[in-house]
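Worksheet for the structure shown next.
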Protein chains: 4
Amino acid sequence: MTNTQVTLVQIDNYGPWTVTPEPRREADLQTMQSRLYADISQFVGNRGGYTFFTRFDNMIAVTNGLDLEDHALLQESVGNRYPVTLSLGVAADASPVQALADATARVQDAGSAQDEDRRECLEGRAVDATDRTAEDVQIAHFDVINATGTYTDELNAFDTFIEIEQGYAELMRHMRHAHESLSFFVGGDNIIVTCPDLDEGDYEEAIYHVEEAVDVELQVGVGRGECAHDAGFAAKHALETCRSDGTRVELEW
Amino acid sequence: MTNTQVTLVQIDNYGPWTVTPEPRREADLQTMQSRLYADISQFVGNRGGYTFFTRFDNMIAVTNGLDLEDHALLQESVGNRYPVTLSLGVAADASPVQALADATARVQDAGSAQDEDRRECLEGRAVDATDRTAEDVQIAHFDVINATGTYTDELNAFDTFIEIEQGYAELMRHMRHAHESLSFFVGGDNIIVTCPDLDEGDYEEAIYHVEEAVDVELQVGVGRGECAHDAGFAAKHALETCRSDGTRVELEW
Amino acid sequence: MTNTQVTLVQIDNYGPWTVTPEPRREADLQTMQSRLYADISQFVGNRGGYTFFTRFDNMIAVTNGLDLEDHALLQESVGNRYPVTLSLGVAADASPVQALADATARVQDAGSAQDEDRRECLEGRAVDATDRTAEDVQIAHFDVINATGTYTDELNAFDTFIEIEQGYAELMRHMRHAHESLSFFVGGDNIIVTCPDLDEGDYEEAIYHVEEAVDVELQVGVGRGECAHDAGFAAKHALETCRSDGTRVELEW
Amino acid sequence: MTNTQVTLVQIDNYGPWTVTPEPRREADLQTMQSRLYADISQFVGNRGGYTFFTRFDNMIAVTNGLDLEDHALLQESVGNRYPVTLSLGVAADASPVQALADATARVQDAGSAQDEDRRECLEGRAVDATDRTAEDVQIAHFDVINATGTYTDELNAFDTFIEIEQGYAELMRHMRHAHESLSFFVGGDNIIVTCPDLDEGDYEEAIYHVEEAVDVELQVGVGRGECAHDAGFAAKHALETCRSDGTRVELEW
């Protein structure tokens, strides 16, 4: 059974900061927030986790393998190098949606995202090292079948993007409500999903649903592991099998 | 009348590179591509342009004020510092969609996005300095009314994100097909749109459409300028007026 | 005749900040200051200038081609993205040492480097665009003859570094006092020097002096240009000639 | 007794790369190498180590607490995100100079720094986790007494830099030959030294030597720990005591 540890990363009081004392240059905000994301992705990633940029001011990470001390170090390091600070909520559950709900609740309990006095709160609990198993995380890596041939080389870049966004919007909603999963667009035509213990039929159903709803054809590789990297790496290999064999769903475990 | 210069930034042969010789660590890819975006945003931004991360492997920029020499320097600098290279297409038009279509076509004509032999192509034409006017760019900056109170502090972080994504997905499609505009999510609850010469009624119609379709309430500030920064900065100020006065559409020119 | 525009970049109140409220993690300080340097190098560099990290809290740049508006934009952009701010002094002179002395005096006049109230001052004057000539900047690019064979592949890494440091320390002192030039170690075995209007004999004398004093053998390529990049690029080409032909001094103009 | 683990980080074939096919823009090289350093500093630093930029193409790190798997992950991550790759040599000894000599020898045995075929070699041995003690690392943090008042606010920025460089050049040589220690300039007026088991008298002797030789007055805080961060953090606190009490040497253990 899965036991996904999810961290909500929230920039403290970010909205007000972006317009104080007057609106800051948009290009600087974009640069700052994508570099902040890149740094968090690197810190979490070289400990086996995955971080998703999501809304940038609220990022979501799968952090099995990181304890609260690691989280505190990330906060300290960001506080030393950026003009903004981070609050973090951590929780684990068989359902990724439930884990995130718990992580979110802990941060919300500490104060509003736009509360000037709530800074660098660190709330929640990490999975004990002794409780970790090789089935804690299940990652599904989707992409669009022949996106380059069908879209990128044929449509204008925005119409391609609209197609991919429709596929993503439909998948994220469906996976959340039907399968307790969190789906993240990660660039190109790739969507990474952190799932509870789903089986092949669940993925076939999801792919079928998206094709019916918005006419975007997806394929998916799925992996399991003790941490997001292990599960995700297996999923990438499985997706390579889809690409070479023309299959739609490949599980690698 | 607007004359928006749009640049398509395409990473050369990126998909194949990410899985050669075998799939690369996802966290490294995420780090690399967001830093690459940040660098492009900074280069374009401190010359007055806006860059949007879009799909990361295909980024879209509003580049009025940058000539082809600037574009070539960006290519050279990225080529010196990253393991990947960029191809660029540049075009201008009263319609941002048409400008992007032309920019895309020029890159597509040079070869497939996954053609190993197409590297660092630079195609197209920039607006002559002497032809530039203070009405070349129209930028609209939307956000969700009271997103923090309605969503961020109330729902779990993913359900908030789903709400914002639905608003974005609906707005992007509508602005593209009804108003020849390109819409980009830029983090938080913010969407920046590069538009042709639209008027107040057009923005009211779009806001009404999104509220009807997906029940997300938007407000918008709009500005004009010789470059994206000037137009966007005016738009941000106009949006501040919406926030303080409770209005839904503010034009600042 | 040269007319070198020099900018002193000073982080405001940096020393006190690094120990407030208590000493910050050294690795974070190192990361932050080298990234700040990298950003300044990129901003100045893609406008044709050179930036040297020097002491990191005080950096020196050759900024012919950048006006005060460019300098102000750099300040604003850093202020939006870092936890520290910059003060800048700008001056030009036939002697780089004099230019730097003037630039420094302007910043010092505005307040101490550790004055809490002196923030983001921008003082001085840039060369008028109409006064610029192709001989404004003279750059000399030195390296150590066969450093890899003589040192890197033979000595331990620190003893190699000591040799190179001795060469640098001697050259920097000599070029400053004998030739009104500013010398900067830029990594590897490379030293870049911004010079007034020196001739071949001056460079031969300097190389001879260093060899006599500390037994380190240098070679040098020298270029001229309207900006640091143009002059430095010619110098690099000239240095390639030294490497291939075994000559000690090459001027390329 | 100390047991300092030292890692030599060498960029593979860097010199030739910087001039292939022709010399690359200096500002891009400076940007790339300082960001690479920053990333390594962050990776090593958030595992308790210290990294010094040294010559940038050859960096030296104190890596107690990092095993070979961590080193391999650093190599992989850099290889995925930069246009260059790293070779690493690792060794430990009571004498930091000896540890570095061993680490260097292992990399040299694998091939020349400019050998095209030597890429991403990882050689050596890390300290076993079970052998680590709280006295493995001794760090001394020096700075120049009243550098801001004496130099920064009084001399031009380059003459200040010359003074600090002379102090550093003398200290690095002396600490290496008299005390088997490796000294690194880390910005401002700060020098961090990784030492064997030295006592208060050794530091007093070194400070006296530098003052006699080049008339630069230093003070020093010294700490011990299981890793560089722990030792260095104690050293920083000790140096704060020097600053507040006017003492020249403070040991904190």
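Order of the sequence lines sets the chain letters (A, B, ...), proteins ahead of strands, with each chain counted from 1. When reading the values below, keep in mind they use all heavy atoms of this one structure, side chains included, and skip hydrogens, waters and symmetry mates.
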Do any side-chain atoms of residues 182-196 of chain D form donor-acceptor pairs under 3.5 angstrom with protein atoms, and if so which ones, sequence neighbours left out?
unit_1, atom_1, unit_2, atom_2, d
D/Asp189, OD2, D/Val144, N, 3.4
D/Asn190, OD1, D/His141, NE2, 2.9
D/Asn190, ND2, D/Gly187, O, 3.3

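- Each of C/Tyr14, C/Phe52, C/Phe53 has some count of heavy-atom pairs under 4.5 Å with chain D, and the biggest count is that of C/Phe53.
- In the model, D/Arg35 has no side-chain atom that pairs as donor or acceptor with a side-chain atom of D/Thr31 under 3.5 Å.
- Contact count versus chain D (heavy atoms, under 4.5 Å) is highest, among C/Leu239, C/Asp159, C/Val44, for C/Asp159.
- D/Asn58 touches chain C through its side chain: at least one heavy atom from C-beta onward sits under 4.5 Å away, while N, CA, C and O do not.
- Between chain D and the residues C/Ala113, C/Gly45, C/Pro23, the most heavy-atom pairs under 4.5 angstrom are made by C/Pro23.
- At a heavy-atom separation below 4.5 angstrom, chain D is approached by C/Phe161, C/Ile162, C/Ile164, C/Glu165, C/Gln166, C/Tyr168, C/Ala169 within residues 161-169 of chain C.
- Within the 4.5 angstrom heavy-atom criterion, only backbone atoms of D/Glu154 (N, CA, C, O) approach chain C.
- Heavy-atom distances place no part of D/Arg47 under 4.5 Å from chain C, backbone and side chain included.
- Contact of D/Gln30 with chain C is made through backbone and side chain together, with heavy-atom distances under 4.5 Å.
- Heavy atoms of C/Thr104 lying under 4.5 Å from chain D belong exclusively to its side chain.
- With a 4.5 Å cut-off on non-hydrogen atoms, D/Gln42 touches chain C through its backbone and its side chain both.
- Between the C/Thr160 side chain and the C/Tyr151 main chain, a donor and an acceptor come within less than 3.5 Å of each other.
- Only the side chain of D/Tyr37 comes within contact range of chain C, with heavy atoms under 4.5 Å apart.
- Formation of a donor-acceptor pair under 3.5 Å by the C/Thr63 side chain with backbone atoms of C/Leu66 is not found in this model.
- Side chain of D/Thr150 to backbone of D/Ala147: no donor-acceptor contact under 3.5 angstrom is found.
- In this structure, chain C has a heavy atom under 4.5 Å from the side chain of D/Glu240, while its backbone stays farther away.
- When C/Thr148, C/Leu29, C/Ile40 are compared by the number of non-hydrogen pairs under 4.5 Å with chain D, C/Thr148 comes out ahead.
- If you check the side chains of D/Arg118 and D/Gln10, you find a donor sitting under 3.5 Å from an acceptor.
- Between D/Arg24 and C/Lys236 the shortest heavy-atom distance is O-NZ, 2.9 Å.
- The candidate with the highest count of non-hydrogen atom pairs below 4.5 Å against chain D, out of C/Ala101, C/Gly232, C/Ala105, C/Ala157, is C/Ala157.
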